[in-house]
Every structure is written in structure tokens, then in C-alpha cells.
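To keep things clear, I will list the structure first and then write my remarks on it.
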Amino acid sequence: MLDAKMIRANPEMVEAALQNRNLPGALQNFLKLDEQRRNILGQVEEIKQFRNQASQEVGRLKKQGQEAVELMEKVRQVGLEIKELDERLKQVESSLDKILLNIPNIPHESVPIGIDEKSNLEMRHWGEPRMFNFEPLAHWDIGPNLDILDFERAAKLSGARFTVYKGWGAQLERAVINFFLDIHTGQHGYQEIFPPFMVTGDCMLGTGQLPKFAEDMFKIEGRDMYMVPTAEVPLTNLYREEILEERDLPKHMTAYTACFRAEAGSGGRDTRGIIRQHQFNKVEMVKIVTADSSYEELEKLTHDAEDVLQLLGLPYRVVLLSSGDMGFSAAKTYDLEVWMPSYNDYKEISSCSNCEDFQARRANIRYRPASKEKIRFVHTLNGSGVAVGRTVAAILENYQQEDGSVLIPEVLKPYMGGLAKIEK
RNA sequence: GGAGAGAUGGCCGAGUCGGCUGAAGGCGCUCGCCUGCUAAGCGAGUAUACGGCUAAUACCUGUAUCGAGGGUUCGAAUCCCUCUCUCUCCGCCA
């Protein structure tokens with residue numbers, strides 16, 4: 001959520017930024033409503049002041065044993081006015097809220113301007129796509145061939161976009177999860193968290209999934225409960241409505257959760273394999289930091305995600321997203337894209353964002369500066385560290401052998417009971 | 001699911017029959033003083049949001065906030081209703 005005062009002070013700047021987000025005119029009624037609000041507020045507060053003073057006067061008179069019927073009647077009348085104005089104020093404020101909650105974050109100045117992914121910028125890449133001296137298979141063929149992925153029975157259980165992992169496949173998934181967590185906690189200094197997989201609507205509002213993207217999520221019937229679409233939601237909301245001490249910052253957290261997404265708008269995309277599922281595993285990193293350090297922290301966060309891909313020996317590139325390709329809450333985002341032979345292309349496997357104070361405002365997460373200055377909003381960052389299912393797919397494809405077997409990356413062997421390769 | 005208790009400021013914790021209570025007291029924290037010393041003592045200060053005024057996120061000023069929403073009243077942290085959450089006991093259960 002943007003700061004209303006900031007918008008009021010720089011309407012043209014905000015409008016321009018929203019245009020770069022493909023949302024021209026999103027500010028339309030905001031300024032008018034904002035003025036209305038201050039108008040009504042001024043009126044109603046003045047009357048309330050009178051009421052407060054008058055009712056104190058009544059108290060004083062009564063204490064002295066005097067009558068105050070006239071004054072009491074006057075205040076009663078005024079009370080009706082207050083009620084009416086309060087009602088109007090509430091309406092205007094809820095309209096304003098609706099606008100504010102639907103406005104995305106403003107891109108950082110370093111973000112390339114563009115309407116879609118074509119304007120993204122490749123920052124760097126690591127490793128080179130493997131050259132195969134045989135025809136490589138896609139993971140949706142490798143998996144069933146080795147009997148470690150079962151798409152058909154998954155469909156029987158749950159329909160499209162679900163996968164059953166079996167045997168070494170299931171172990172590989174678990175190995176990757178543990179490997180990621182061990183690296184982030186042991187080498188990158190994150191605190192491991194194991195959060196609930198279901199959260200309230202307030203949490204979804206706090207991180208920006210609601211109100212705009214309700215159709216992307218799985219909601220529990222008849223309850224104010226949602227399946228988490230990413231651990232970013234519970235981790236960031238952990239400190240919702242709290243005032244932290246600066247000495248307790250930064251907070252670096254990592255968590256494994258299953259993630260649940262309705263994939264409403266993704267029609268026929270990535271229908272094969274485990275790239276785009278309704279349920280997938282992910283290890284997420286979330287940072288809660290002060291404003292002056294957040295961009296430095298974003299670089300580190302991105303490197304922490306890159307690190308696990310390097311350890312796994314998976315070729316990838318880092319892409320800076322353009323203004324039009326970024327997520328709703330982000331001010332700046334780096335995507336990590338892993339080389340995926342079946343796509344003959346790089347495929348997103350991590351997204352690392354600085355949300356600045358956008359989520360902090362919504363979730364009301366603040367901190368008290370050590371200098372005892374005014375309380376401020378924190379900055380929040382999140383990044384996949386990284387998507388587990390896509391990692392498994394990348395391993396299967398990048399480490400496949402001509403005989404159909406798949407080598408286990410060195411760093412994962414300890415997690416697989418020393419197994420060197422998965423074969424039939 | 002049944003029965004009961006409770007939700008107050010950064011934390012702990014008072015609030016009498018509704019009326020200078022934004023809220024006693026304590027802790028913590030900040031600043032100053034004092035003290036021959038990693039202690040103690042003394043003094044002062046210490047919520048947030050949104051308005052107005054301002055160059056100002058500085059003063060000053062107004063309004064709101066004692067779990068949330070609604071009601072009664074001239075006036076509610078204090079009375080009434082609804083909801084949410086926490087705790088205790090019972091039941092059930094991985």
C-alpha cells in the first residue's frame with residue numbers, strides 16, 4: 001500500500017509510475033475522495049470537540065447540583081449530526097481504501113521500464129547449458145520411465161496439475177528441501193521457521209495477495225482461511241501489527257512450505273510435468289530490515305538463492321524484471337531462471353523482491369529506531385530459495401544419462417543415503 | 001463439541017456507584033545529576049494514527065484509539081448485545 005500523503009504530494013509521479021505498471025488512471029478518483037475525506041473529517045472533529053467540552057460541562061454542573069437539560073438536549077442533537085458525518089466519512093474512507101489496496105507498488109528507479117518481460121534485463125549467468133550427445137528427454141518422460149513420478153494416478157486422486165512422487169523421486173524431493181534449508185540456516189544465517197500452511201484473510205491482505213488476486217488462491221469453504229500460495233505470506237505476516245526494536249533487525253527467516261495456487265489465469269501453459277502445479281514445495285527466504293539496508297539485502301538475498309543452484313551445478317541466469325513484469329507488491333525483482341533442456345530455454349525457479357514498505361504498510365509492521373526517532377515502517381523482502389519441484393525437474397533433465405538414468409548431484413548424495421544415480 | 005475465566009500503553013499491572021483517565025503504579029528505555037567505579041540513588045521525559053497550522057516526518061492544536069463491531073447515555077476502558085482470540089477443566093483426536 002502506498003502512503004496517501006505521499007500520493008497527495010506527488011500525484012504526477014505516482015501516476016507516471018502506475019503507467020509503467022500498465023495501470024494508467026488508477027489514481028482517478030483518489031485525489032477527489034481524499035479531499036472529501038479531509039473535508040468531512042474537519043467538520044466532524046469540530047463538532048466532536050464541542051461535544052466533548054459540553055458533556056464535561058454537564059458533569060461539572062451536575063456535580064454542583066445544577067440542572068443542565070438545555071445543554072444536554074443540544075449535545076444530543078449534535079450527536080445525531082456526528083453520526084451522520086461519521087457514516088459519510090466511513091463510506092469515503094472505504095472507497096479510498098479500496099483504491100489504495102488495489103494500487104501496486106512503485107518501481108524502484110533502477111527498474112527498466114517496459115510493458116512486459118521483453119524489457120527484462122539479463123544481469124549475469126552462471127554455467128553453460130549442457131550439450132547432449134544424445135536426444136535428451138523431458139522430465140515428464142524421465143520421471144515415469146524411472147517410476148519416480150506418476151502423473152496419471154495423481155490425476156485420479158486430484159485432477160490436473162498434481163503429481164505423485166514415488167520411491168527415489170519422493171526422496172529426491174525431500175533431499176532438495178533439506179539441502180536448501182541446511183544451506184540457508186547453516187551458511188547464510190537464516191532462522192528456520194515452520195509456519196502454518198493456512199492463514200487468515202488479513203495475512204493475505206498484508207502481503208498483497210488480497211483483495212486483487214483472490215481467484216489465484218485456494219480458500220477454505222465457509223472460513224476466513226486460505227492455503228498459503230508461498231511461505232512469504234506467513235513469514236512476512238509473522239510480525240504483522242508489531243513494533244520491533246531496531247536492535248532486533250534485520251530478521252532473516254527461511255521456511256519450507258507446500259504452496260497452493262489455483263493457477264486460474266494460466267490456461268494451457270506448462271501443462272506437462274511438474275513445472276506448474278496446484279501444490280508444490282518451496283523453500284522461501286524472507287527478510288525484515290530497515291529502509292537504508294534493503295537494497296543491499298536484496299543483492300545478498302539473490303546471491304543466497306543463486307548459491308544453492310551453483311552447489312547443485314545447475315546453469316542459470318539472473319534477470320532484472322521490467323516495470324511491467326513485476327509482481328504487485330514488489331519495487332524491484334530479480335528472477336533466477338534455471339536451464340531447462342525440455343524447454344530449450346531458461347525457466348523461472350526463483351523470484352527475489354524488495355517490497356520496500358509496501359507490505360509493511362498493509363501489515364503494519366514497524367520498528368523503533370535505535371536513535372529514538374519516530375517509529376518507521378520496515379522494509380520486507382522475499383525470495384525463493386528456491387522452488388523445489390522445478391529444481392527436481394531441472395536435476396532430472398540436466399543430469400540425465402543416455403541409458404535413462406539420472407546422476408545425483410554430489411551435494412545431494414548425503415541426503416539420498418549415498419545414492420549416486422537413480423536407475424530402473 | 002460442553003463448562004468457566006480473561007483480553008488495558010514496549011512489557012507487567014490498577015481502574016471505586018459511567019464524568020479532566022491517554023489512562024495510577026512498576027519495569028524497561030532516553031536525557032541530566034550524583035557516586036572512586038560493569039551496582040545503587042536522585043530529577044525529568046517516554047504511545048500510535050489521522051487532521052489543522054507549518055519549509056518541516058519540529059513545535060502547537062484537534063479528533064480517535066483500553067481485543068473487534070454495534071447499542072444505551074449529555075458523556076463509556078467502565079453498562080448492554082454480537083463476534084474474535086487466549087487460558088483452565090471435560091470430551092474427542094494425529
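Numbers restart at 1 for each chain; the letters A, B, ... are given by sequence-line order, proteins then strands.
G22(B) atom C1' lies 13 Å from atom CD of Q56(A), rounded to whole Å. E87(A) has its CD atom 14 Å from the P atom of G69(B), to the nearest Å. Look at CG on L80(A): it is 14 Å from C1' on G71(B), rounded to the nearest Å. The nearest whole Å value for the distance from the CD1 atom in I47(A) to the P atom in C74(B) is 17 Å. Distance E242(A) CD to U48(B) P: 16 Å, rounded to the nearest Å. The nearest whole Å value for the distance from the CD atom in E46(A) to the C1' atom in A64(B) is 16 Å. Look at CD on E245(A): it is 15 Å from P on G28(B), rounded to the nearest Å. Between N364(A) atom CG and G67(B) atom P the separation is 17 Å, expressed in whole Å.
You'll find that the side chain of K48(A) is closest to A64(B), out of G10(B), G51(B), A64(B). Here C74(B) is the nucleotide among C74(B), U63(B), C50(B) with the atom lying nearest to any side-chain atom of R76(A). Of the listed nucleotides (A64(B), C50(B), U72(B)), A64(B) has the atom at the smallest distance from the side chain of R51(A). For K374(A), whose side chain is taken as the heavy atoms from C-beta onward, the closest listed nucleotide among G10(B), A49(B), C50(B) is A49(B). The side chain of K90(A) lies closest to G70(B), out of G51(B), G70(B), U57(B). Picking from U57(B), U48(B), C74(B) the nucleotide with the shortest atom distance to the side chain of I375(A) gives U48(B).
Pair check for A56(B) finds none; no Watson-Crick or G-U wobble contact set falls under 3.5 Å. Nucleotide G22(B): unpaired (no Watson-Crick or G-U wobble partner with both distances less than 3.5 Å). Pairing of U73(B), defined by two Watson-Crick or G-U wobble distances under 3.5 Å, is not identified with any nucleotide. Judged by Watson-Crick or G-U wobble contacts below 3.5 Å, the nucleotide C50(B) has G62(B) as its partner. Base-pair partner of U16(B): not found among the strands shown (Watson-Crick or G-U wobble, both distances under 3.5 Å). Summarising the base pairing, G91(B) is matched to no nucleotide, lacking a Watson-Crick or G-U wobble pair whose two defining distances lie under 3.5 Å. Of the nucleotides present, A7(B) is the one that pairs with U84(B) by Watson-Crick or G-U wobble criteria, both distances under 3.5 Å. In this entry C33(B) has G41(B) as its Watson-Crick or G-U wobble partner, both defining distances falling under 3.5 Å.
Comparing Q49(A) and G42(A) by the nucleotide of RNA chain B that holds the closest heavy atom to each, the one mapping nearer the 5' end is G42(A). For L41(A) and Q53(A), each mapped to the nucleotide of RNA chain B holding its nearest heavy atom, the one lying further toward the 5' end belongs to L41(A).
At the heavy-atom level, R366(A) lies under 4.0 Å from the strands shown only through sugar-phosphate atoms. Residue V75(A) is in sugar-phosphate contact alone, with no base atom involved, counting any heavy-atom pair closer than 4.0 Å across all strands shown. As judged by a 4.0 angstrom heavy-atom cut-off over every strand, R361(A) is placed among residues making no nucleic acid contact. L71(A) comes within contact range of no nucleotide atom at all, as no heavy-atom separation falls under 4.0 Å. R368(A) comes within contact range of the sugar-phosphate backbone alone, with a heavy-atom separation under 4.0 Å but no base atom that close. Looking at heavy-atom distances under 4.0 Å, K62(A) makes contact with a base.
Two rings, from Y295(A) and H379(A), have their centers 6.0 Å or more apart.
In terms of polar N and O atoms assigned as donor or acceptor, the side chain of E45(A) comes within less than 3.5 Å of the base of G62(B) in a complementary pairing.
Spacing between A77(B) and G69(B) at atom P, rounded to whole Å, works out to 13 Å. For the P atoms, the distance from G4(B) to C83(B) is 14 Å, rounded to whole Å. Of the P atoms belonging to A47(B) and A23(B), the separation is 10 Å, rounded to the nearest Å. The separation of C42(B) from G26(B), taken at their P atoms, amounts to 11 Å, rounded to a whole angstrom. Distance check on atom P: C27(B) versus A40(B) gives 11 Å, rounded to whole Å. For C79(B) and G25(B), the P atoms lie 24 Å apart once the distance is rounded to whole Å. Separation of the C1' atoms belonging to A24(B) and C12(B) is 14 Å when rounded to the nearest angstrom. The separation of G51(B) from A58(B), taken at their P atoms, amounts to 14 Å, rounded to a whole angstrom.
Between N52(A) and G75(B), a side-chain N or O to OP1/OP2 separation shorter than 4.0 Å is absent. Contact annotation: K83(A) reaches the phosphate of G71(B) (side-chain N/O to OP1 or OP2, under 4.0 Å).
Between F328(A) and F358(A), the ring planes lie perpendicular to each other; the angle is over 60°, past the 30° to 60° tilted range. A perpendicular orientation is assigned to the rings of Y190(A) and H188(A), their planes being inclined by more than 60° (bins at 30° and 60°).
Salt bridge K5(A)/D3(A): absent, no basic N to carboxylate O contact under 4.0 Å. Between E45(A) and K48(A) no salt bridge is recorded (no basic side-chain N to carboxylate O distance below 4.0 Å). The pair K424(A)-D147(A) does not count as a salt bridge, with every side-chain nitrogen at least 4.0 angstrom from each carboxylate oxygen. Taking a cutoff of 4.0 Å between a charged side-chain nitrogen and a carboxylate oxygen, R366(A) and E242(A) do not qualify as a salt bridge. Between E263(A) and R276(A) a salt bridge is recorded (basic side-chain N to carboxylate O distance below 4.0 Å). Salt-bridge formation is not detected for the pair K90(A)/D86(A): no Lys NZ or Arg NE/NH1/NH2 atom is positioned less than 4.0 Å from an Asp or Glu carboxylate oxygen.
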